[in-house]
Amino acid sequence: RLEGPVETVLGFTSEHFRSGQVDLFSRVHTDDNDLVKAMISRQPGEGPASESIRIRDAQGHVDIFDANFDRTRIGDRDVLMLLLFRAADISEPIDDATVLYFFDELMKSTRDVVYLKNLHHVITAASDSLVEWCQSASGIDDIIGRTDYAIHPEAEADHYHSLEKRVFTENRYLRDVQEATSADGSSRWIDNRKLPLHDSEGRVIGVFGLVRDVTNEIELERQLKESERRSRIFFELPSSMHVIVGGSGQFISANAWWLG
């Protein structure tokens with residue numbers, strides 16, 4: 001038995017399901033078949049339950065539904081009761097206090113550096129991970145309310161400041177990959193992204209920043225380029241014959257001397 005406005009949410013009428021023209025469970029996303037099995041195997045008396053489940057509608061589009069189900073007995077029949085609601089239709093915006101809580105948890109747990117600055121380039125909020133990039137800071141309280149010049153080498157602070165000036169004046173997102181000094185004094189590569197923050201009237205009031213350590217990616221790219229450079233020099237040697245053959249004996253490549 002299927003209850004609820006199925007025609008509205010799925011595009012099928014109740015008659016489609018009652019007549020067997022459409023099997024609801026065959027419309028479920030294959031990765032959610034474990035949830036279908038849980039519904040079907042539920043026993044009378046276990047009580048109602050709910051799951052988020054993906055279902056393909058009559059137009060072939062997949063959407064997420066809140067499936068409320070219960071196994072009960074009606075007379076001598078064992079019936080699975082199912083009530084479906086489109087997840088987007090029943091979800092309410094979270095309140096400001098919850099948003100702030102999630103933001104605080106993000107700032108504590110993210111490995112990327114996240115921060116907010118006002119128009120004076122003063123850090124007004126930041127993730128705990130920023131401490132790992134500041135030699136003069138032992139905790140996040142040593143960073144909030146300060147500028148880059150108080151926590152970074154001057155040359156790096158100059159670069160950050162110049163990038164933020166462009167964000168403010170050009171009112172657009174900017175990105176730069178640059179070298180930076182971590183708290184232990186080692187040189188690292190960072191992907192530095194900044195975008196303007198606006199008030200309700202569209203005026204720029206600050207900058208949102210996201211920084212990611214990309215040292216490993218940069219080093220891997222350098223090693224790949226160096227390997228390609230060495231291979232090119234090796235193959236271009238004028239007095240040597242070089243050929244590359246695959247594991248099954250197939251020809252892959254050779255230098256000009258061998259081909260000549």
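It should be emphasised that the depicted structure is a prediction, and the values quoted were computed from it without experimental measurement. When a residue number appears, it is its place in the shown sequence, counting from 1.
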**Prompt:** When hydrophobic residues are tied together by side-chain contacts of less than 4.5 Å, even through go-betweens, does Ile143 share a cluster with Val207?
**Reply:** no
**Message:** Is it true that Thr110 and Asp112 share a donor-acceptor pair across their side chains at a distance under 3.5 Å?
**Reply:** no
**Request:** Can you see which heavy atom on Ile64 is nearest to which on Ser52, and at what distance?
**Result:** CG2-CB, 4.3 Å
**Message:** So Ile40 and Phe25, do their side chains get closer than 4.5 Å, heavy atoms only?
**Reply:** yes
**Item:** Cationic N near anionic O, under 4.0 Å, Lys108 to Asp128
**Value:** no
**Asked** CG/Asp63 to CD1/Ile55 distance, rounded to the nearest 0.5 angstrom?
**Response** 9.0 Å
**Item:** Residue pair Asp148 / Lys117, side-chain heavy-atom distance below 4.5 Å
**Value:** yes
**Prompt:** Roughly how far, to the nearest 0.5 Å, is CZ of Phe208 from OH of Tyr173?
**Reply:** 10.5 Å
**Request:** Could you tell me whether the side chain of Gln43 and the main chain of Ser41 form a donor-acceptor pair under 3.5 Å?
**Result:** yes
**Item:** In one Ile/Leu/Val/Met/Phe/Trp/Tyr side-chain cluster, 4.5 Å: Tyr160, Ile144
**Value:** yes
**Request:** For Asp176 and His159, test the side chains for any donor-to-acceptor distance below 3.5 angstrom and give the result as yes or no.
**Result:** yes
**Request:** Say whether Thr98 and Asp95, considering side chains only, have a donor N or O and an acceptor N or O under 3.5 Å apart.
**Result:** yes
**Message:** So does Thr169 get a backbone contact from the side chain of Arg166, meaning a donor-acceptor N/O pair under 3.5 Å?
**Reply:** no
**Asked** Would you say the side-chain atoms of Thr72 and Asp70 include a donor-acceptor pair closer than 3.5 Å?
**Response** no
**Request:** Evaluate side chain to side chain contact (heavy atoms under 4.5 Å, CB included) for Tyr115 paired with Lys194, printing each intermediate quantity in order.
**Result:** CA-CA 10 Å; Tyr115 61 85; Lys194 300 176 185 284; 2.4 Å; yes
**Asked** With the 4.5 Å side-chain cut-off for hydrophobic clustering, are Leu195 and Phe103 part of the same group?
**Response** yes
**Salt-bridge present (Arg71, Glu46; N to O < 4.0 Å)** = no
**Asked** Should we say atom CZ of Arg77 is surrounded by more than 12 heavy atoms from elsewhere, each under 6.0 Å from it?
**Response** no
**Message:** Quick one: does any side-chain atom of Ser186 pair with a main-chain N or O of Ser182 as donor and acceptor, under 3.5 Å?
**Reply:** no
**Request:** Compare every heavy atom of Thr215 with every heavy atom of Asp213, then report the nearest pair and how far apart it is.
**Result:** OD1-OG1, 2.7 Å
**Message:** Under the criterion side chain to side chain contact (heavy atoms under 4.5 Å, CB included), I'd like the reasoning laid out for Ile53 against Val28: C-alpha separation, chi angles, the key distance, then a yes or no.
**Reply:** CA-CA 7 Å; Ile53 191 168; Val28 173; 3.8 Å; yes
**Item:** Flag, side chain of Asp32 to backbone of Arg54, donor-acceptor distance under 3.5 Å
**Value:** yes
**Item:** Same apolar cluster (I L V M F W Y, side chains within < 4.5 Å links), Val113/Leu116
**Value:** no
**Message:** Using 0.5 Å steps for rounding, measure from the CD1 atom of Ile218 to the CD1 atom of Ile190.
**Reply:** 11.0 Å
**Prompt:** Is any side-chain heavy atom of His121 closer than 4.5 Å to a side-chain heavy atom of Tyr149?
**Reply:** no
**Request:** Indicate yes or no for a side-chain donor-acceptor contact from Arg27 to the backbone of Arg56 under 3.5 Å, with no hydrogens or angles considered.
**Result:** yes
**Heavy-atom pair of closest approach, residues His152 and Cys134** = CE1-SG, 3.9 Å
**Request:** Drop me the distance from Leu24's CG to Met39's CE, to the nearest 0.5 angstrom.
**Result:** 8.0 Å
**Request:** Would you indicate whether Gln21, at its atom CD, is surrounded by more than 12 heavy atoms from other residues, nucleotides or ligands within a distance under 6.0 Å?
**Result:** yes
**Fill in**
Heavy-atom closest pair (Ala126 atom, Met107 atom, distance to 0.1 Å) is C-SD, 3.7 Å
**Minimum heavy-atom distance Ser187-Glu179, with the two atoms named** = OG-OE2, 3.0 Å
**Prompt:** Does any N or O in the side chain of Arg42 come within less than 3.5 Å of the main-chain N or O of Gly47, such that one atom is a donor and the other an acceptor?
**Reply:** yes
**Prompt:** Say you draw a straight line from CZ of Phe65 to CG of Leu84; how long is it, rounded to the nearest 0.5 Å?
**Reply:** 6.5 Å
**Message:** Strictly distance-based, threshold 3.5 Å: is any side-chain N or O of His120 a donor or acceptor partner for the main-chain N or O of Val122?
**Reply:** no
**Asked** Going by heavy atoms in the side chains, are Pro48 and Asn68 under 4.5 Å from each other?
**Response** no
**Prompt:** Ala58 and Gly11: which non-hydrogen atoms are nearest, and at how many Å?
**Reply:** CB-O, 3.7 Å
**Prompt:** Got a second to check how far Glu156's CD is from Trp133's CH2, nearest 0.5 Å?
**Reply:** 9.0 Å
**Prompt:** Are Ile123 and Leu163 connected in a single hydrophobic cluster, I mean Ile/Leu/Val/Met/Phe/Trp/Tyr linked by side-chain heavy atoms less than 4.5 Å apart?
**Reply:** no
**Message:** Could you check whether any side-chain N or O of Ser136 sits under 3.5 Å from a backbone N or O of Ala150, counting only pairs where one atom can act as donor and the other as acceptor?
**Reply:** yes
**Prompt:** Is there a side chain to side chain contact (heavy atoms under 4.5 Å, CB included) between Val204 and Val167 once you walk through the steps?
**Reply:** CA-CA 9 Å; Val204 176; Val167 170; 5.9 Å; no
